[in-house]
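Reading through the structure tokens given below for one structure.
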Amino acid sequence: MNEENTLEQPQETLGQALKKHRENAGVSLEQLAGALKLSVLQLQRLENDEHELLGPVTFVKGYIKSYCRELKIDSQAMLALLPEQIEPAKKSKMQSFSRRTEKEAHDSRLMLFSYFILAVIIGSSVFWWWQNSAPAIEEPIKTIQPNQLETSELSSPVQEPPVGQEHTESAAPISTDLAVAESEPASATTPPVTPEQASSSDPEQSTIVMHFNEDSWVEIHDGNGDRVAFGVKKAGYVMTVTGPQPFNVVLGKHQMVDITFEGQPVDTSHFAKNRLAKFTLPLSE
């Protein structure tokens, strides 16, 4: 019966044993806290067996040893009463926090990847729309070009006097020679000078005439490699270039420019529209 009563009696806890020794020694919590340089709350938690509120197990054991040293108690006997700390709960909390952090990081990476895919789709859609809309913008220009060409052809005779003046000035020496030849009496020793002979006096020189129906950029190099024309020419401008052939020509809006070489029209319709036309005069067959 005595053994059964002994088993039924609850075992004294660590906190109860420490409190009992302190009361037997007649030391108050305030006095002991001042001697151990601890707070009264920490000693109360130690005596109330609230070890999980005092920090890690190492700290709790240090507090118990200091407590026993001050009251001259066997610290090993007291440490034997120390229960295992409830660490799994904290670990589970840390594990759950770690899992939540990993999940948030994973969700953040997934969101960034989704934004990247969305940006690629939007960029591709804008590029596709721009490619399809570019021909539609150029379409009105192509349809207006024939009318503009007809209008410029109708207005070209009005602007021909400067060209006539240029030709008159360039042909003045020849016409003077012809007039002198005609004024002199015909003789058997001096044959008459024909226009063909006069025009062939400088066979290496060739002439290009360009009539610009719209503003257009042009660059021309003659057979010697000299640049004889360069820049943007305004609509209605007539340009005459003379020099040794072959001529290397770079022309913008070639469909808006009427070209003659040595009095013969030059066909540039086979060149791609809306691009620079690069060709050599005379054209190679």
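Sequence positions, counted from 1, serve as the residue numbers for this chain. We use all heavy atoms of the structure for the numbers below, so side chains are in, but hydrogens, waters and symmetry mates are not.
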- request: Can you establish whether the number of heavy atoms outside F59 located under 6.0 Å from its atom CZ is more than 12?
  value: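 Counting other residues, nucleotides and ligands, CZ of F59 stays at 12 neighbours or fewer.
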- prompt: If you count the non-hydrogen atoms of other residues, nucleotides and ligands that lie under 6.0 Å from NE2 in H106, is the total more than 12?
  reply: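 No, not enclosed.
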Checking [X] side chain against [Y] main chain: does a donor-acceptor pair fall under 3.5 Å?
| X | Y | answer |
| --- | --- | --- |
| D215 | A235 | yes |
| D226 | V228 | no |
| S108 | E104 | no |
| S28 | Q31 | yes |
| Q42 | S39 | yes |
| H254 | A277 | no |

Residue pair [X] / [Y], side-chain heavy-atom distance below 4.5 Å:
| X | Y | result |
| --- | --- | --- |
| H221 | F247 | no |
| M78 | I73 | yes |
| D258 | M210 | no |
| L82 | H51 | yes |
| L43 | Y67 | yes |
| V120 | S124 | yes |
| L18 | L46 | yes |
| L29 | R22 | yes |

Does one hydrophobic cluster hold both [X] and [Y], with members joined at side-chain heavy-atom distances below 4.5 Å?
| X | Y | result |
| --- | --- | --- |
| Y237 | F230 | no |
| V232 | I208 | no |
| Y115 | I117 | no |
| V250 | F212 | no |
| W217 | V249 | no |

How many angstroms lie between atom [atom1] of [X] and atom [atom2] of [Y], to the nearest 0.5 angstrom?
| X | Y | atom1 | atom2 | answer |
| --- | --- | --- | --- | --- |
| L38 | E70 | CG | CD | 10.5 Å |
| L112 | D107 | CG | CG | 11.0 Å |
| L14 | L79 | CG | CG | 7.5 Å |
| L53 | L41 | CG | CG | 8.5 Å |
| R45 | L54 | CZ | CG | 6.5 Å |
| K19 | E23 | NZ | CD | 5.5 Å |

Minimum-distance pair of heavy atoms, taken over all atoms of [X] and [Y]:
| X | Y | value |
| --- | --- | --- |
| S206 | E262 | CA-OE2, 2.8 Å |
| L276 | G252 | CD2-CA, 3.7 Å |
| P244 | N224 | CG-ND2, 3.3 Å |
| S66 | L36 | O-CD2, 3.4 Å |
| Q245 | P282 | OE1-CD, 2.9 Å |
| S269 | D267 | OG-OD1, 2.8 Å |

query: Given L281 and V266, is the side chain to side chain contact (heavy atoms under 4.5 Å, CB included) satisfied, shown in steps?
result: CA-CA 9 Å; L281 291 178; V266 178; 3.9 Å; yes
- prompt: Hey, mind stepping through T58 and V60 against side chain to side chain contact (heavy atoms under 4.5 Å, CB included) and telling me if it holds?
  reply: CA-CA 5 Å; T58 306; V60 177; over 6 Å; no
query: So L251 and S216, side chain to side chain contact (heavy atoms under 4.5 Å, CB included) or not? Walk me through it.
result: CA-CA 7 Å; L251 183 61; S216 180; 3.8 Å; yes
message: For V257 and K253: C-alpha separation, side-chain torsions, deciding distance, then whether side chain to side chain contact (heavy atoms under 4.5 Å, CB included) applies.
response: CA-CA 7 Å; V257 182; K253 292 187 179 180; 5.6 Å; no
